[in-house]
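Worksheet for the structure shown next.
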Protein chains: 2
Amino acid sequence: MDSSMMLANKQVVLKNYVEGYPKESDFELRSSMISSHIPQGSKGLFVKNLYLACDPYMRHRMSHHISNDVPLLASFNPGSVIIGLGVAKVIKSADADFEEGDYIWGMTGWEDYTLILNTNGLFRIKYTDVPLSYYAGILGMPGLAAYIGFNNLCSAKEGDVVYVSSAAGGVGQLVGQFAKMKGCYVVGSASTDEKVHLLKSQLGFDDAFNYKQGNDLAGALKSHFPKGIDVYFENVGGNMLDKVLLHMNLYGRIAVSGMISQYNLKKPDGIHNLFCLISKRLRMEGFSEFDFRHKVPEYLEFAIQLIREKKLLFVEDIAEGLENAASAFVGIYHGRNVGKQIIQVSTD
Amino acid sequence: MDSSMMLANKQVVLKNYVEGYPKESDFELRSSMISSHIPQGSKGLFVKNLYLACDPYMRHRMSHHISNDVPLLASFNPGSVIIGLGVAKVIKSADADFEEGDYIWGMTGWEDYTLILNTNGLFRIKYTDVPLSYYAGILGMPGLAAYIGFNNLCSAKEGDVVYVSSAAGGVGQLVGQFAKMKGCYVVGSASTDEKVHLLKSQLGFDDAFNYKQGNDLAGALKSHFPKGIDVYFENVGGNMLDKVLLHMNLYGRIAVSGMISQYNLKKPDGIHNLFCLISKRLRMEGFSEFDFRHKVPEYLEFAIQLIREKKLLFVEDIAEGLENAASAFVGIYHGRNVGKQIIQVSTD
């Protein structure tokens, strides 16, 4: 006997491919019905979504690409529900690894309920004594990105000067804290004075600045890095990267995690100072946490303990309800969020 | 009793800082006299210059830099003799490590005779069964650059597709041969059909192309790299780098040795495709052989054996006489040289 139900399901749908900065009108909130039936033969899950992450990379999927050879960046289909990292509760399971009532994190839909046919890449949540939303942030992809990017690419050592751009974001705030644990001198930049204050007063950054203030990035870098930069954790790209190259120290390292300033441009900014790679013998390396999902258990044990001891903090900006999802997403490209932007679909 | 002599000394002098492409008129051939006297207290050498290297990086020293924090790239003084890598014979020595009659390589002047006050960084030449000019090329800085750049930065393995730009140059032709020894599939580019032919017929490249032909670099890269590029050895920069980024494979490596296309520009070209660093998880790293001079003996033993066995070849383009030095130097920025551009001052 099939116990499947038909449930009302609000969905955030991409109306058309986005050009330039995403606008709320690029999305539609659609009311529909969904069946909890899991097709026979599938080892899928039917889940109720709780928290959804607004991750900067998602903008790529809203453009039309001819080549989709990087799966994580493959184009969405206009008319379909947005897909992204989320935290959900299992309502029905046809996969022996998951049970009804389990909490999971992984790729899900921007809707009340999702039928997930492929459970590869889903993680069962083991520790629920921390906010569940953390699995869409500090304990999910952004956390892993910070951990891998900082530990595997930066070769940071005690006393190094570490610069983190977009430092109040989901990845940046963690990189800064990891760098402090390593004994580095850590400077962050953000787009508002409020975030700069947060970095210095709560997140343990040694220094921070508002990169938009006075419209003088070159001057800000000069005054905040009198001894140059040993490690740059790149979340921004474009003009920021170009100027930072001039301030890197000999043998500096640049971990390229994101380039949020570039995702909405038709033609990305030109970077002119790459000769610094030779004159200063710099290493610049891109990565994706996607390649390191096998490290999730290791990272989780490392981070959960620090979170419980309040030695690792995480600032979230939670928007409530799917009706606010589009505006929350659009906001991250204008720096409106303070901390990791999350959408709360339901508390349980 | 001082046995010093006064000798006629032709010098190639930089008249003024260079703007844009260097021109022959930026240099002056000056006739003067030089004393072979080594000042008391100095452990210097008085040498007769034999071969001088035209190295692309030298153009940097012909511009006025405010900051000279990279010694190898520090500005020359207009009115002074050009300094560069060369091979010379010791006429008089006040340094116990060198004797009259020794051949040396290292930094010397573009002139008949040079008084070298600081012998740091000079190497005594041990093997003279190969052309002495080789110490300004395959057995000198370009050789070391190719060896270090390929072995330390490229992480190349059998079957990798390796692309070398400016492949007929002093560094490029060696990188291609090292990559072949490793079992890679090696493709080079150059600016004339003559050089392309040389790469394929003599230097063992699997494939090569004239990147200027048809003015369609994107098309050339597409047709010569149907399986993409695993390793790019960068000698050119600018538009070449920008287009190559689009053809790199996942986890590709870019060793940045030089950017000859950029040295004569007032403002370097903008590179727009750096997001590929993230989407393809690329590593891009600059280096200078200057940091690896301690590896010279290791490299020398490796290379001399291969040269004797004719398993490692080197193509030189030798201009005779200091009166042809300026035109030889100017020519390398227009691709006029076929092989490493050397100036022969004297045969002994």
Side-chain angles (χ1 to χ4, degrees), chain A residues 56-57 60 65 67-73 145 148-149 152-153 228 234-235 237-239 241-242 245-246 248-263 265-292, chain B residues 56-57 60 65 67-74 145 148-149 153 228 234-235 237-239 241-242 245-246 248-263 265-292:
Chain A
Y57 81 88
H60 285 283
H65 311 303
S67 152
N68 277 328
D69 53 4
V70 182
L72 201 67
L73 299 178
I148 292 296
N152 289 21
L153 277 74
E234 168 68 300
N235 292 310
N239 184 46
L241 173 59
D242 215 14
L245 282 163
L246 300 174
M248 292 300 295
N249 288 332
L250 275 181
Y251 312 111
R253 288 80 64 195
I254 301 177
V256 189
S257 180
M259 294 186 167
I260 194 170
S261 74
Q262 303 297 294
Y263 302 158
L265 306 179
K266 201 145 193 171
K267 182 172 184 177
D269 292 333
I271 306 298
H272 300 273
N273 295 318
L274 286 177
F275 183 71
C276 292
L277 264 62
I278 301 177
S279 62
K280 303 177 181 189
R281 295 78 141 166
L282 306 179
R283 186 179 74 210
M284 191 167 163
E285 194 169 357
F287 73 102
S288 168
E289 52 70 42
F290 185 72
D291 297 336
F292 296 90
Chain B
Y57 81 88
H60 286 281
H65 310 302
S67 153
N68 277 329
D69 53 4
V70 181
L72 202 67
L73 300 178
I148 292 295
L153 278 74
E234 168 68 300
N235 292 310
N239 183 46
L241 172 59
D242 215 15
L245 281 164
L246 299 174
M248 293 299 294
N249 288 332
L250 274 180
Y251 312 111
R253 286 82 62 196
I254 301 177
V256 189
S257 179
M259 294 187 168
I260 195 170
S261 73
Q262 303 297 295
Y263 302 158
L265 306 180
K266 200 146 194 170
K267 181 174 185 176
D269 292 333
I271 306 298
H272 300 272
N273 295 319
L274 286 177
F275 183 71
C276 292
L277 265 63
I278 301 177
S279 62
K280 302 176 180 191
R281 293 79 141 168
L282 306 179
R283 186 178 74 210
M284 190 167 164
E285 195 170 356
F287 72 101
S288 167
E289 54 68 44
F290 185 72
D291 298 335
F292 296 90

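Letters A, B, ... mirror the listed sequences (proteins, then strands); counts begin at 1. Basis for what follows: all heavy atoms, side chains included, without hydrogens, waters or symmetry-related copies.
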Which heavy atom in [X] sits nearest to a heavy atom in [Y], and how many Å separate them?
X         : Y         : value
Met259(A) : Leu274(B) : CE-O, 3.7 Å
Arg281(A) : Phe287(B) : CG-CA, 3.8 Å
Ser279(B) : Leu73(A)  : CB-CD1, 3.8 Å

Considering only heavy atoms, which portion of Leu153(A) lies under 4.5 Å from any heavy atom of chain B: side chain, backbone, both, or neither?
->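 Leu153(A) has no heavy atom closer than 4.5 Å to chain B.
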Would you say the side chain of Ile278(B) lies within less than 4.5 Å of the side chain of Tyr57(A), judging by non-hydrogen atoms?
->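 No; the side chains remain at least 4.5 Å from each other.
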Distance from Asp291(B) atom CG to Leu250(A) atom CG, nearest 0.5 Å?
-> 7.5 Å
Leu265(B), part contacting chain A, at a heavy-atom distance under 4.5 Å |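 Neither the backbone nor the side chain of Leu265(B) comes within 4.5 Å of chain A.
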Identify which of Lys267(B), His272(B), Arg283(B) forms the greatest number of heavy-atom pairs closer than 4.5 Å to chain A.
-> His272(B)
What is the ring orientation for His60(B) with Phe275(A), classed by angle as parallel under 30°, tilted 30 to 60°, or perpendicular over 60°?
-> parallel
